[in-house]
Amino acid sequence: MTSPAHPLPTPIPKWAYAVALVALTVTWLVLQENGIALGHAAETVHEFFHDGRHALGVPCH
Amino acid sequence: MSTNTYKGLLLRGVGAGAVAGLLAGLVGVLVVEAPIRAALAVEQARPDAPDAGHGHGELFSRGTQVVGGVLAAVVVGLAVGALFATAYAGSRRWFTSKAPFVRAVALSAAAFGAAALLPAVKYPANPPAVGDPATVEYRTVLYLGLIAAGLLVAVGASHLASRLGHLGAPVRATAVASAVVAAVVVLLVAFPATPDAVPSDLPGGVLWEFRLASLAETATLWLGLGVVFGLLVDPATRRAKRVSAL
């Protein structure tokens with residue numbers, strides 16, 4: 001019933017690093033991409049997420 | 001799915017991230033949108049507005065950008081939720097005496113402090129109409145660097161806390177808090193000032209309203225994530241459900 005006093009850390013499998021990489025890449029694309037990965041298409045992404053970028057405190061133009 | 005497997009934690013993290021992202025997006029629409037519009041009006045009133053770096057509302061209408069703003073919060077919530085679950089899985093040994101709910105909220109408070117509050121103090125969020133496009137890369141490096149440094153401080157603090165496990169709780173908490181405050185002061189002094197001045201045509205009231213609203217949105221995202229994730233992983237939640245079902 002009660003939580004154990006000394007829980008073991010949950011084992012983190014190898015594929016968790018792939019998940020973390022995908023998560024960081026997605027965050028980068030939404031908040032920071034200004035042309036490094038997407039080239040000209042980055043402008044479309046930037047404009048679509050524009051309000052979200054400002055609101056989440058990310059440096060913008 | 002068990003809360004003791006990485007997969008079980010990951011699913012809960014992504015689910016909690018979706019909920020927190022949606023809540024943050026709603027704060028964006030209801031609270032942050034007003035000062036954004038006020039700042040856009042200032043930007044558009046400038047004589048060089050049509051080709052001022054990037055034309056607001058030329059690719060997308062304002063309505064679409066509002067939807068994009070909510071979507072940005074949800075997508076970032078999903079990604080951050082996955083990272084949060086991984087950090088939680090790895091950090092369980094650091095708050096051994098606490099319930100899972102308390103551990104989740106404490107972890108989200110630390111993440112909010114390092115990834116949102118610390119950069120907001122040194123490099124506060126700016127609405128449209130502020131910021132020279134020529135300095136955006138430099139500002140981005142400073143901002144991401146400060147977040148990375150803040151996360152290192154948080155990890156260091158948890159290691160210090162586990163090292164000082166032999167001390168009484170008040171002494172240990174005081175020692176860890178003092179170390180964190182000292183490290184944060186060093187970071188705030190060591191990082192260079194933001195390169196761009198706020199233009200004089202932007203009313204100070206709009207700037208403040210925007211900065212506080214932006215902080216409210218990031219707080220909703222991080223602390224909402226910690227609370228929802230905590231509810232999903234804490235065994236007491238399931239007990240409460242069983243009791244209410246009786």
Side-chain angles (χ1 to χ4, degrees), chain A, chain B residues 4-6 9-10 24-25 28 32-33 36 53-54 56 58-60 64-66 68-73 75-76 78-80 82-83 86 89-93 96-97 99-100 116 119-120 123-128 131 133 136-137 139-140 143-144 210 213-215 217-218 221 234-235 239:
Chain A
M1 288 293 277
T2 54
S3 43
H6 294 282
L8 295 169
T10 308
I12 298 174
K14 285 267 194 299
W15 57 270
Y17 294 99
V19 172
L21 192 65
V22 169
L24 287 172
T25 308
V26 166
T27 310
W28 173 272
L29 287 178
V30 173
L31 296 182
Q32 297 289 354
E33 168 61 11
N34 285 316
I36 291 172
L38 299 179
H40 192 63
E43 201 185 327
T44 310
V45 176
H46 181 122
E47 283 299 319
F48 182 65
F49 290 123
H50 183 262
D51 285 29
R53 286 185 176 211
H54 275 288
L56 290 167
V58 175
C60 211
H61 39 261
Chain B
N4 294 321
T5 65
Y6 174 74
L9 291 177
L10 180 65
V32 195
E33 197 55 33
I36 285 184
H54 69 321
H56 290 286
E58 283 176 3
L59 278 168
F60 297 103
T64 310
Q65 285 187 315
V66 171
V70 176
L71 227 86
V75 174
V76 170
L78 289 169
V80 159
L83 294 169
T86 309
S91 72
R92 294 186 105 182
R93 71 182 82 99
T96 48
S97 61
Y123 307 117
N126 279 323
V136 70
E137 278 182 27
R139 282 182 285 131
T140 301
Y143 167 81
L144 292 179
F210 173 81
S214 162
L215 203 56
E217 177 164 342
T218 51
L221 181 71
D234 201 298
R239 272 207 304 282

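Within every chain, numbering begins at 1; the chains are lettered A, B, ... in the order of the sequence lines, protein sequences first and strands thereafter.
Per-residue heavy-atom pair counts under 4.5 Å with chain A were compared for B:Gly69, B:Gly25, B:Ala73, B:Ala82, and the maximum is reached by B:Gly69. Options B:Pro119, B:Ala72, B:Ala120, B:Ala125 differ in how many heavy-atom pairs under 4.5 Å they form with chain A, and the most are formed by B:Ala72. Of the listed residues A:Thr44, A:Asn34, A:Thr27, A:Val26, the one with more heavy-atom pairs under 4.5 angstrom with chain B than any other is A:Thr44. Ranking B:Leu10, B:Thr140, B:Val32 against chain A, the residue ahead of the rest is B:Thr140, based on heavy-atom pairs under 4.5 Å.
Both the backbone and the side chain of B:Val66 come within less than 4.5 Å of a heavy atom of chain A. Heavy atoms closer than 4.5 Å to chain A are found in the side chain of B:Ile36, but not in its backbone. At a 4.5 Å heavy-atom cutoff, B:Leu78 makes no contact with chain A through either its backbone or its side chain. In this structure, the portion of B:Glu33 lying under 4.5 Å from any heavy atom of chain A is its side chain and not its backbone. Residue contact with chain B, scored on non-hydrogen atoms closer than 4.5 Å, involves the side chain of A:Leu31 exclusively. No part of A:Val22 comes within reach of chain B, as not one of its non-hydrogen atoms sits under 4.5 angstrom from that chain.
Taking the side chain as every heavy atom from C-beta outward, B:Pro235 and B:Pro100 approach each other to under 4.5 Å. Taking the side chain as every heavy atom from C-beta outward, B:Thr64 and B:Leu59 never approach each other to under 4.5 Å. Between A:Val58 and A:Phe49 the shortest side-chain heavy-atom distance does not fall below 4.5 Å.
Between A:Thr10 and B:Thr5 the shortest heavy-atom distance is CG2-C, 3.5 Å. Nearest heavy atoms, A:Arg53 versus A:Val30: NE-O, 3.0 Å.
Taking the six-membered ring where the residue is Trp, the centroids of B:Tyr143 and B:Tyr123 are separated by 6.0 Å or more.
The backbone N or O of A:Ile36 lies less than 3.5 Å from a partner atom in the side chain of A:Glu33, making a donor-acceptor pair.
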